[in-house]
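One structure below.
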4 protein chains.
Amino acid sequence: VNKIKVGIIGGTGYTGVELLRLLVGHPQVELTLITSRSKASKPVSDLFPSLRGFTELKFSQPDTANYSNCDVVFSATPNGIAMQHARNLLEQGVRLIDLAADFRIKDITVWEQWYGMQHACPELVATAVYGLPELNRDAIASANIIANPGCYPTATILGFLPLVRAGLVDANSLIADAKSGVTGAGRGASVANLYSEVADSFKAYAVAGHRHLPEISQVLASQTTLPVGLTFVPHLVPMLRGIHATLYSDLIDTQTPLEELLSLYQATYAEHPFVDVMPLGSHPDTRSVKSSNTCRIALHKASGSNKLVVLSVIDNLTKGAAGQAIQNMNIMFSLGEQLGLQSAAIMP
Amino acid sequence: VNKIKVGIIGGTGYTGVELLRLLVGHPQVELTLITSRSKASKPVSDLFPSLRGFTELKFSQPDTANYSNCDVVFSATPNGIAMQHARNLLEQGVRLIDLAADFRIKDITVWEQWYGMQHACPELVATAVYGLPELNRDAIASANIIANPGCYPTATILGFLPLVRAGLVDANSLIADAKSGVTGAGRGASVANLYSEVADSFKAYAVAGHRHLPEISQVLASQTTLPVGLTFVPHLVPMLRGIHATLYSDLIDTQTPLEELLSLYQATYAEHPFVDVMPLGSHPDTRSVKSSNTCRIALHKASGSNKLVVLSVIDNLTKGAAGQAIQNMNIMFSLGEQLGLQSAAIMP
Amino acid sequence: VNKIKVGIIGGTGYTGVELLRLLVGHPQVELTLITSRSKASKPVSDLFPSLRGFTELKFSQPDTANYSNCDVVFSATPNGIAMQHARNLLEQGVRLIDLAADFRIKDITVWEQWYGMQHACPELVATAVYGLPELNRDAIASANIIANPGCYPTATILGFLPLVRAGLVDANSLIADAKSGVTGAGRGASVANLYSEVADSFKAYAVAGHRHLPEISQVLASQTTLPVGLTFVPHLVPMLRGIHATLYSDLIDTQTPLEELLSLYQATYAEHPFVDVMPLGSHPDTRSVKSSNTCRIALHKASGSNKLVVLSVIDNLTKGAAGQAIQNMNIMFSLGEQLGLQSAAIMP
Amino acid sequence: VNKIKVGIIGGTGYTGVELLRLLVGHPQVELTLITSRSKASKPVSDLFPSLRGFTELKFSQPDTANYSNCDVVFSATPNGIAMQHARNLLEQGVRLIDLAADFRIKDITVWEQWYGMQHACPELVATAVYGLPELNRDAIASANIIANPGCYPTATILGFLPLVRAGLVDANSLIADAKSGVTGAGRGASVANLYSEVADSFKAYAVAGHRHLPEISQVLASQTTLPVGLTFVPHLVPMLRGIHATLYSDLIDTQTPLEELLSLYQATYAEHPFVDVMPLGSHPDTRSVKSSNTCRIALHKASGSNKLVVLSVIDNLTKGAAGQAIQNMNIMFSLGEQLGLQSAAIMP
């Protein structure tokens, strides 16, 4: 069988190196091309010594790179770059998986408001598929553009999905108190993300509004006819990887037993190998998914109230970014969905 | 002026060493006695080299220790110890500040349920004062037994207090999503709190019920005639010190401007030097109060909903334990409330 | 081809779970048996949720466990346990890889001094092979008992080996200033290894003498006829995994160019896929080998002196324990030496 | 008594905020001026919320700032700035304490080589006093320019000083294996110091040569007539504060008992309140000096060799920078050397 020829646009960030880590071990992938303006012509393994011995690839200049030889291109750049490549790639028959936000929001006006720029190819947004396989597996298989979900949205949507779909909770009063490791903030030089600013401390940020809010709301709204209202508060945890979403909702019928909800979750995700619905009483920690593509979910009723509490954890770089992108690629190219993603989480 | 003669029961844990750190620098305190069964007759500074040069005190056997010379005794032991000393201390004219939970819950039945033991002196619970100076300063001044608040309750109550008192939110639908540093779990040998179990990870725990829930509920209920319902979910953060409480509530009048709420908070805490109400738009990080006795609070309205979000941070060992205990002592002995507690937070 | 039937004695520690992580992904291994006194009859994945979906195995009682069905048994227990199983296993035709220290020191008197107990089977120590494949690959292939090297010794020996063998440095004046992540201290409940004792701090320990000293000295002495003297100072780093050995030695000929030494290292390790000799000027960080079986080495001459400085890093749980044990198993069973160990390091 | 009027040039880094933390609590200091180009006209407490309530000061433009009103100015800028202010300050009768390196190296040629720039006032370097009070207390008292020592040099020199002075070790074969917390790398935006680059990892850096090497060598050489040769290897530890220097030397008389060396150290530092010579067998951890101005030292003989091992720990921001600067100020203005520096270390 021919291997899939894979290119990467912008491979110097954390999602880039996570893509590389997973792709060099993927049995059906041939890494063909990786671009970086700042590192052009340097070996990838000079920047990331963890890859010494795994790839001889060098970074290429993005402007002169020839993508036509690729079957699929991952874009692991900041927002606003992939949309500039999309038309060109599609014309050459190359499929695109964008790990940034360019194709996530269907309403262009909303997108332009939150992302503060004009969209370069609104007509392609309509054709892009939101790459959450647990929601859109069939559409992903035939898509030419995948909008790979954000990390917070992946954890939050998988946690709320069965409830909102089944209409069991007040979808207009959802709360997602979400916590992220620091790699979620990217690899750009900034004072705010220095070790000495982040370590041994904890904070909320962007309480007044975060770009992942419209993304989550759009997807949840697509699963119900009722109005969706979400309070989303992200926090920064002094750890490298991991998202922990603590999800609060009001049960319509406060007497609904947890066992019934557990069955619903198990049924929803029965055919989805990367979602692990845990036994009642569980408290998943983020390290239980470190470096793996799994989302673990646990259900609780809070003492002293009738609120339902759902705990949902992922590795932000894997299921929240690069792993999910490869899961999408596997589906797009009719490979086993788990191919190259089967390692157990590193522990601890 | 005579200095206050201070004893400490059980000084080998993190609240113990924090008490010691603050008391050796307190200008009106004479450290007289510190007990520890396991370390009896050893110099305190052998166990805590950070105190070398600050005290010559040795640990005493708790059974033979003579407290009668003390003006006040801090109990920094596990739950269930202070209540065994209380009668004896009071009979000798020694005032007691309990940093554990023995005197926090007025309803003995509730206490015995949550703490799993029989109370040794229910009659004294009635006379004990809950040692949150921002709530009970006058009663503290004349109290003989202080129930020093828990760390989560301190951050949560100070964050909700103005709203619940003023009846501006639905007190029956409060949510406290709280995060704590690891020192909150104490200094006992346990696998669960090993560095290798906790570092680089994040988790919720005790979602089904935590002992601080009835404590918070009791205090908030005392401030309103309306029913109080609280969902309280604690989490463990890989950091040493700090509590970050993210507090959600539903405004009765969703149009209430944040500026009005800010004024309410400022008025509530105007005479309380250890509560810092921050400007709108602030996101206090826990390091901003590291090693200090300050609680910082910020108010937000969440995008996409009408929920009010209050952020409240403290150092769990200082304002959440030892610092607040000393603040109480200062009030009890008519000293300046801030005496010995005026250092700026260590940063970073 | 029949898979290798593998048993594990004592799989509840960090080397145990690392063995499990790697073995569940090994294509030629069938996990047959795992013992634990404290967790007997519980599913492995209850203790380690990271393994949910990867194994249905339950812990067995060590006393009644039947090892005769195994081809090889890994012992991941504290020191002094494997030696009690060794005779029995060998009689049943089961080969033993001991990840503890029972078979590392050839001189029984020395062993008994450092480990404070009587050895249970001195006669088997003589037949055991020190499982450092870069030194003993052929002997490992036919061994029945493997003494899997300690973590510090692996990093230190690989770093000094070419120099000592070639007689280029004064072997009597070696210094190994070694730093370890906290998983090296094991998973036993102890105050000293609590998160709150270890985080955000750094210290040396056991400067007067550490058990890995005689192990390193024995191996280095076997490679030279000159006397070997080693100063070994271990330190504890607030990180999960990793050993960083900073190795100092005095060149016999201070004019020896670094390029010549680099060639020597490259030649020594040319046939050893898990040793990466880096280009001159490199500073390997421990994360570059996190979760991988690689040892990275870099050579430097210090400014202001003629000392040679060798930097050597490994993951203490992988190349320093479980990974190396599997590397040994691969060699013992004539599999590819890298089988099941080919993943790139997780980064970051 | 009139308070000392203090100015700070460049107060936005970690040594700046540590200066501020200590100075706002100093009973004899009046903070008069603090400059920052990037933050000019903003309140200091906006940048550092930990200082809310402690100072109303705003940052001033460095170019227009009027220092003439100050008694002393601390320069907490990058290298090369203080030397541009020095003449002007001295002409106005303002004394200068430079926390950077401009006045540390007496040999201008050496300085210019290591720091890569031309010195602006070589004639003033000759008059500057190296601000290590344990070495130069008397000269400091009357100095107009203090070259405040680097963090590595402080820990290293205090650890080697008694040995080199007394000629007890081979000063030509010293090794300092030094480890620093990340605040030592400063507060500039850089990829290398991001949390995600530094956390959960460990590395050496600048093995081929670090600017603190000539500084340490110069000072040690001033204490002996014998040649001094030092191998200095710095490492980065994933922690906020702290230096741990592990110092190796060869005793001239290998039979010298440790007790004798201990007495020598005790005698050397008997009149120096900030150096704590610990009992034999001690392993000081960096947290034992966190936020304090103390240097703790312990002596060991290594097992298996005759090397002497000295462990020396400081807080790089306090005794390694701001605390020592204030200690110098106290001496310069005839205040108690410990004034404002008496707090016990925060633990943990």
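Chain letters run A, B, ... following the sequence lines, proteins first, then strands; residues in each count from 1.
- The line from NE2 of A/His283 to NE2 of B/His235 is 9.0 Å long, rounded to the nearest 0.5 Å.
- Relative orientation of the A/Tyr248 and B/Tyr248 rings is tilted, given thresholds of 30° and 60° on the angle between their planes.
- When side chains are defined from C-beta on, A/Ser303 does not count as touching B/His210, because their heavy atoms never get closer than 4.5 Å.
- For A/Asp200 and B/Lys290, the salt-bridge test passes: some basic side-chain N is under 4.0 Å from an acidic carboxylate O.
- With a threshold of 4.5 angstrom between heavy atoms, A/Lys301 approaches chain B through N, CA, C or O but not through any side-chain atom.
- Top candidate by heavy-atom pairs under 4.5 Å with chain A, chosen from B/Gly242, B/Ala208, B/Gly181, is B/Ala208.
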Quiz item: Can you list the steps and then say if B/His244 with A/Lys203 is a side-chain hydrogen bond (donor to acceptor under 3.5 Å, both in side chains)?
Solution: CA-CA 7 Å; B/His244 186 291; A/Lys203 66 171 178 184; over 6 Å; no

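- Put simply, the side chain of B/Val198 does not reach to within 4.5 Å of the side chain of A/Arg287, judged on heavy atoms.
- Proximity to chain A (any heavy atom under 4.5 Å) is shown, for B/Ser217, by neither the backbone nor the side chain.
- Heavy atoms closer than 4.5 Å to chain A are found in both the backbone and the side chain of B/Val207.
- Contact annotation for A/Ala206: only backbone heavy atoms (N, CA, C, O) come within less than 4.5 Å of a heavy atom of chain B.
- Ranked by heavy-atom pairs under 4.5 Å with chain A, the first of B/Gly229, B/Pro214, B/Ala204 is B/Ala204.
- Residue contact with chain A, scored on non-hydrogen atoms closer than 4.5 Å, involves the backbone and the side chain of B/Leu240 alike.
- With chain A as partner, the option from B/Thr231, B/Val309, B/Leu311, B/Asp177 having the largest number of non-hydrogen pairs under 4.5 angstrom is B/Asp177.
- Between A/Leu230 and B/Ser305, the shortest heavy-atom contact is O-CB, 4.3 Å.
- For the pairing with A/Phe202, the side-chain contact (heavy atoms from CB on, under 4.5 Å) check across B/Asp285, B/Ile243, B/Val313, B/Thr286 returns one residue only, B/Thr286.
- With chain B as partner, the option from A/Leu174, A/Val233, A/Leu236, A/Val228 having the largest number of non-hydrogen pairs under 4.5 angstrom is A/Val233.
- Interface residue A/Pro238: backbone and side-chain heavy atoms are both found under 4.5 Å from chain B.
- Taking all atoms of both residues into account, the shortest heavy-atom contact from B/Ser173 to A/Lys307 is OG-NZ, 3.0 Å.
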